[in-house]
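All values reported here derive from a predicted model rather than from experimental measurement. Quick note: residue numbers are just sequence positions, from 1.
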Amino acid sequence: QVQLVESGGGLVQAGGSLRLSCGASGRTFMTLAMGWFRQAPGKEREFVAAASWSGSSTDYADSVKGRFTISRDNAKNTAYLQMNSLKPEDTAVYYCAADGAGIRTVRAGRSDYWGQGTQVTVSS
């Protein structure tokens, strides 16, 4: 079993930055591919970014490419999502996801493990 805890959400003005963190426990972190999803009110959950166990392979939704960066520190059992040039449409609850099957499984939203989410609100 893996426990994921997100942090770092908050209120920021458009054009600003936030860094989300996802701490993992319960399983060797290096065996997990990690990812981030988001869900805005009234919308379905959508993929944001994913990283392989080593961090050498990453994937992004087109809507965040060039603005968001996913990374991980395996020594700290933590994954990050650096969000720059934030827009009001980035407002959502952001969820961390993890799975031992690899980045494709995470990317597809089929992760076994999910966090509780952290709210990100971008004001115009």
Side-chain angles (χ1 to χ4, degrees):
Q1 193 71 4
V2 175
Q3 293 77 44
L4 303 174
V5 179
E6 303 97 334
S7 61
L11 174 64
V12 64
Q13 289 188 332
S17 298
L18 281 175
R19 189 177 78 158
L20 304 183
S21 299
C22 175
S25 61
R27 176 172 169 172
T28 304
F29 187 67
M30 283 184 63
T31 67
L32 300 169
M34 302 295 296
W36 291 92
F37 286 74
R38 67 187 181 187
Q39 187 167 20
K43 295 186 177 181
E44 294 186 354
R45 184 180 64 192
E46 65 174 358
F47 168 74
V48 175
S52 61
W53 68 269
S54 66
S56 61
S57 179
T58 58
D59 193 11
Y60 296 92
D62 288 343
S63 59
V64 306
K65 280 181 181 177
R67 299 189 299 123
F68 290 11
T69 302
I70 187 171
S71 63
R72 59 190 297 160
D73 185 337
N74 288 344
K76 295 183 178 180
N77 290 352
T78 302
Y80 304 96
L81 184 68
Q82 179 67 43
M83 305 185 294
N84 299 329
S85 302
L86 283 161
K87 305 175 181 179
E89 51 264 43
D90 294 318
T91 295
V93 178
Y94 283 70
Y95 297 92
C96 178
D99 199 281
I103 190 173
R104 289 183 180 181
T105 296
V106 173
R107 172 71 171 86
R110 297 195 302 266
S111 296
D112 283 339
Y113 309 109
W114 294 86
Q116 294 300 306
T118 186
Q119 177 71 47
V120 171
T121 303
V122 184
S123 62
S124 58

Rounded to the nearest 0.5 Å, what separation is found between the [atom1] atom of [X] and the [atom2] atom of [Y]?
X	Y	atom1	atom2	result
L32	L4	CG	CG	8.0 Å
F37	L81	CZ	CG	12.0 Å
L20	Q82	CG	CD	9.0 Å
R19	M83	CZ	CE	11.5 Å
C22	Y94	SG	OH	15.0 Å
W53	I103	CH2	CD1	13.0 Å

Between the side chain of [X] and the main-chain N/O of [Y], is any donor-acceptor distance below 3.5 Å?
X	Y	result
T78	K76	yes
Y80	T69	no
T91	V122	yes
E6	G117	yes

Go through Y113 and Q3 one step at a time and tell me if the side chain to side chain contact (heavy atoms under 4.5 Å, CB included) criterion holds. CA-CA 7 Å; Y113 309 109; Q3 293 77 44; over 6 Å; no
Of all heavy-atom pairs between [X] and [Y], which one has the smallest distance, and what is that distance?
X	Y	result
P88	A14	CD-CB, 4.1 Å
A40	A92	N-CB, 3.8 Å
S17	S85	OG-N, 4.3 Å
A98	V106	C-CG2, 4.4 Å
G109	W114	O-CZ2, 3.6 Å
Y95	Q116	CE2-O, 3.4 Å

Mind checking whether W36 and F68 have ring centres under 6.0 Å apart?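 No.
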Taking a hydrophobic cluster as the set of Ile, Leu, Val, Met, Phe, Trp and Tyr residues connected by side-chain heavy atoms closer than 4.5 Å, whether directly or through intermediates, do M34 and Y60 fall within one such cluster?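 No, M34 does not connect to Y60 through the hydrophobic network.
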Can you list every pair that meets salt bridge (Lys or Arg N to Asp or Glu O under 4.0 Å) and has a residue in residues 77-106, with sequence neighbours left out? R38-D90, R67-D90
